[in-house]
Amino acid sequence: MPELPEVEVVRSGLEPAVTGATVTSVEVLEPRSLRRHDGPDEDFVERLTGSRLLTPERRGKFLWIPLADSSEALVVHLGMSGQVLLRDPAAERDRLTRIVLTLDQPTHGPVRVDFVDQRIFGSMALDVLAPASDHPDQRIPSQVAHIARDPVDPFFDDELFLRRLAAKDTGIKRALLDQTLVSGIGNIYADEALWAARIHYAQPTRTLSRTKAKNLLAEVRLVLGRALAEGGTSFDSTYVNVNGASGYFSHSLNAYGQHGLPCPRCGRPIARESFMNRGSHFCPRCQRAPG
DNA sequence: AAGTAATCCTGATCGC
DNA sequence: TGCGATCAGGATTACT
């Protein structure tokens, strides 16, 4: 469940189940799912087993659970197809389960956390927490240090974003997908925000007026907020919350995946073009190509 | 230095 | 039915 709303659905779903829980067992079924763990598999298992988990945190599409009495965290990234599922310890496992944690929760008892991932672009890892460069009292995993704050973060700096955006020499969609500039936005919400702001995906950032850029940022926040309120976007059972349930935002999409259907604003068919090896969906009338 | 392409993967689906 | 091509919501690495 890869973009910000979907990852936040997972984070908030994990919170009541894992906060204060102790890890009683760790099973790595697919070593490639530890790609981002700096060390051997056994190291991951040994250090995590017996640890107590604190409240899950998130920046962009990265999720992490700090460990009590430690300066480390369990970092989770869902990649393109990752899921984190809460299960009864006796429940059957999904065929694509890669890592299994068993927890003991003080009030709820034993619970199983299954990391399921078809494509293995996602991962779990143990990583050290270090002070954030802009707010040293906040601690983030070292592998998240280069990731910009997301637009939902109260410390997101609008002015800094607008300055850095204007200084870039690239197209606007590429910039929106650049996690070091602003995090949490993926292909769906980039297309949706650009449609809402009536901007073509290839519009050069330096030709984007400050007013247009500010409006785009506002539309990004709107679409992320709406998607979160509807439980995220699910097209099929690949993208689900910790209980395996789908979100409803796919019914609210205006551009993404709507090619051939009328633009909800002007009626002209939504187009789809290949860009950055993926689909870009836009209205040819509302979002005029640059140049 | 910064921008962009190449790469890592599996499985569902579609056309022949 | 079988098989190859295509496509999928991402991040890092390796080039230019």
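Throughout, a chain's letter reflects where its sequence line sits, starting with A, and its residues are numbered from 1.
Side chain of L96(A), nearest nucleotide from dG10(C), dG11(B), dC8(B): dG11(B).
Put simply, K168(A) has no side-chain N or O that comes within less than 4.0 Å of OP1 or OP2 on dA2(B). Here R95(A) reaches the OP1 or OP2 of dG11(B): one of its side-chain N or O atoms lies under 4.0 Å away. Side-chain nitrogen and oxygen atoms of R119(A) include none within less than 4.0 Å of the OP1 or OP2 phosphate oxygen of dG11(B). OP1 or OP2 of dA11(C) lies within a sub-4.0 Å distance of a side-chain N or O belonging to Q179(A). Contact between the side-chain N/O atoms of H146(A) and the OP1/OP2 oxygens of dA11(C) is not found at any separation under 4.0 Å.
Here the straight-line distance linking atom CZ of F44(A) with atom CZ of R36(A) works out to 13.5 Å at 0.5 Å rounding.
A gap of 24 Å separates the P atoms of dG9(C) and dG3(B), to the nearest Å.
L177(A) comes within contact range of no nucleotide atom at all, as no heavy-atom separation falls under 4.0 Å.
Side-chain contact, S183(A) with K61(A): no donor N or O sits under 3.5 Å from an acceptor N or O.
Mapping R174(A) and N277(A) onto DNA chain B via the closest heavy atom, the residue that lands nearer the 5' end is R174(A).
With a cut-off of 3.5 Å on both pairing distances, dC9(B) has no Watson-Crick or G-U wobble partner at all. Shown here, dG9(C) forms no base pair; nothing in the strands shown gives a Watson-Crick or G-U wobble contact with both key distances under 3.5 Å.
Between F121(A) and dA11(C), no base-stacking contact is recorded for ring centres under 5.5 Å apart and planes less than 30° from parallel.
Taking the centre of each ring, F235(A) and Y256(A) come in below the 6.0 Å mark.
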